[in-house]
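These notes concern the structure reproduced below.
Numbers here simply count residues along the sequence, with the first being 1.
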Amino acid sequence: MARFVIRPVATGVKFDLKAPNGQGILTSGVYACAAACRKGIASVVKNAAAGVEDQTDGDCPRRSNPKFELYRDRAGEFRFRLRARNGEIIAASDGYAAKAGCLEGIENVKKYAPLAKIAEE
């Protein structure tokens, strides 16, 4: 089963969404406390069905929030981030060498986030 894992970091707490095989799908920014982190998880679940704005395509129409933004980073890797209705970034992915892998990551968020359990490290 997929799970959100809340973990402490030096400056607060973060969460990761992990697929059933343990592979990380996306990670949050830093929250001050576990309660705020849980609200971030709830926002991922709420917005997991959002559409995709492919910013690697020059002719891509802009979507309103909430949305997944697919983009290329400075190193040329494909990444995505999930924006809430208010435009804030909720969580982001690691880099992918291929666009297809990045799109699969987005589909995995859509598939696993709504059913994922929450665990704390």
Side-chain angles (χ1 to χ4, degrees):
M1 168 146 272
R3 60 195 166 99
F4 286 100
V5 178
I6 297 173
R7 60 186 168 89
V9 295
T11 56
V13 291
K14 296 178 84 163
F15 69 81
D16 299 304
L17 174 60
K18 296 190 179 260
N21 66 3
Q23 180 83 24
I25 303 172
L26 81 163
T27 190
S28 71
V30 177
Y31 292 90
C33 64
C37 192
R38 286 178 179 274
K39 286 183 181 179
I41 290 169
S43 187
V44 170
V45 171
K46 178 181 177 181
N47 294 295
V52 178
E53 181 178 287
D54 183 351
Q55 298 176 352
T56 66
D57 177 1
D59 295 329
C60 167
R62 298 296 176 211
R63 297 177 78 74
S64 60
N65 294 322
K67 64 184 170 186
F68 286 93
E69 294 175 332
L70 185 144
Y71 65 99
R72 277 195 154 188
D73 65 16
R74 290 184 185 134
E77 291 189 308
F78 294 92
R79 294 179 180 268
F80 67 86
R81 57 188 160 231
L82 177 57
R83 287 194 184 267
R85 187 166 308 284
N86 66 4
E88 292 291 319
I89 296 171
I90 307 167
S93 72
D94 288 334
Y96 292 84
K99 185 176 180 177
C102 193
L103 288 167
E104 183 178 340
I106 292 169
E107 289 305 312
N108 283 337
V109 172
K110 292 175 179 246
K111 178 179 177 180
Y112 296 128
L115 304 173
K117 302 291 184 198
I118 299 174
E120 293 193 38
E121 283 188 348

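To the nearest 0.5 Å, the span separating CE on Met1 from OH on Tyr112 amounts to 10.0 Å. The CD1 atom of Ile89 sits 10.0 Å away from atom CG of Asn65, with the distance rounded to the nearest 0.5 Å. Atom CG of residue Asn108 and atom NZ of residue Lys18 lie 14.0 Å apart, to the nearest 0.5 angstrom. One distance of note links CD of Glu107 with CD of Glu104; it measures 9.0 Å at 0.5 Å rounding. Distance CD1/Ile25 to CD1/Ile106: 11.5 Å, rounded to 0.5 Å. Between the OG atom in Ser93 and the OH atom in Tyr71 there is a gap of 6.0 Å [rounded to 0.5 Å].
Judged by distance alone, with hydrogens and angles left aside, the side-chain atoms of Asn47 form no donor-acceptor pair with the main-chain N or O of Ala50 at under 3.5 Å. In this structure a side-chain-to-backbone donor-acceptor pair under 3.5 Å is present from Asn21 to Gln23.
Nearest approach of Cys60 to Gln55, heavy atoms of both residues: SG-N, 4.5 Å. Minimum interatomic distance between Val45 and Ala113 (heavy atoms only, all atoms of both residues): CG2-O, 3.5 Å.
Taking a 6.0 Å sphere around NZ of Lys46, one finds it holds 12 or fewer heavy atoms contributed by other residues, nucleotides or ligands. The environment of CZ in Arg85 is sparse: at most 12 heavy-atom neighbours from other residues, nucleotides or ligands sit within 6.0 Å. Environment of NZ in Lys111: sparse, with no more than 12 heavy atoms of neighbouring residues, nucleotides or ligands closer than 6.0 Å.
Ion pairing of Lys99 with Asp54 is present here, as a side-chain N (NZ or NE/NH1/NH2) and a carboxylate O approach within less than 4.0 Å. Salt bridge absent: Glu88 and Arg83 never bring a charged side-chain N and a carboxylate O closer than 4.0 Å. Ion pairing between a basic and an acidic side chain is recognised when a charged N comes within 4.0 Å of a carboxylate O; Arg72 and Glu77 show no such pairing.
Taking Glu120 as the reference, Arg38 meet the salt bridge (charged side-chain N to carboxylate O under 4.0 Å, His left out) condition, with sequence neighbours excluded.
Taking the six-membered ring where tryptophan is involved, the planes of Phe4 and Phe15 are perpendicular, since the angle between them exceeds 60° and thus also 30°.
Just one residue in the list Lys67, Arg81, Arg63 forms a salt bridge (charged side-chain N to carboxylate O under 4.0 Å, His left out) with Glu53, and that residue is Lys67.
Linking ILVMFWY residues whenever their side-chain heavy atoms come closer than 4.5 Å, directly or via other members, leaves Ile118 and Val5 in distinct clusters.
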In sequence, state the C-alpha distance, the side-chain angles, and the governing distance for Tyr96 and Phe80, and then conclude on side chain to side chain contact (heavy atoms under 4.5 Å, CB included).
CA-CA 9 Å; Tyr96 292 84; Phe80 67 86; 4.0 Å; yes
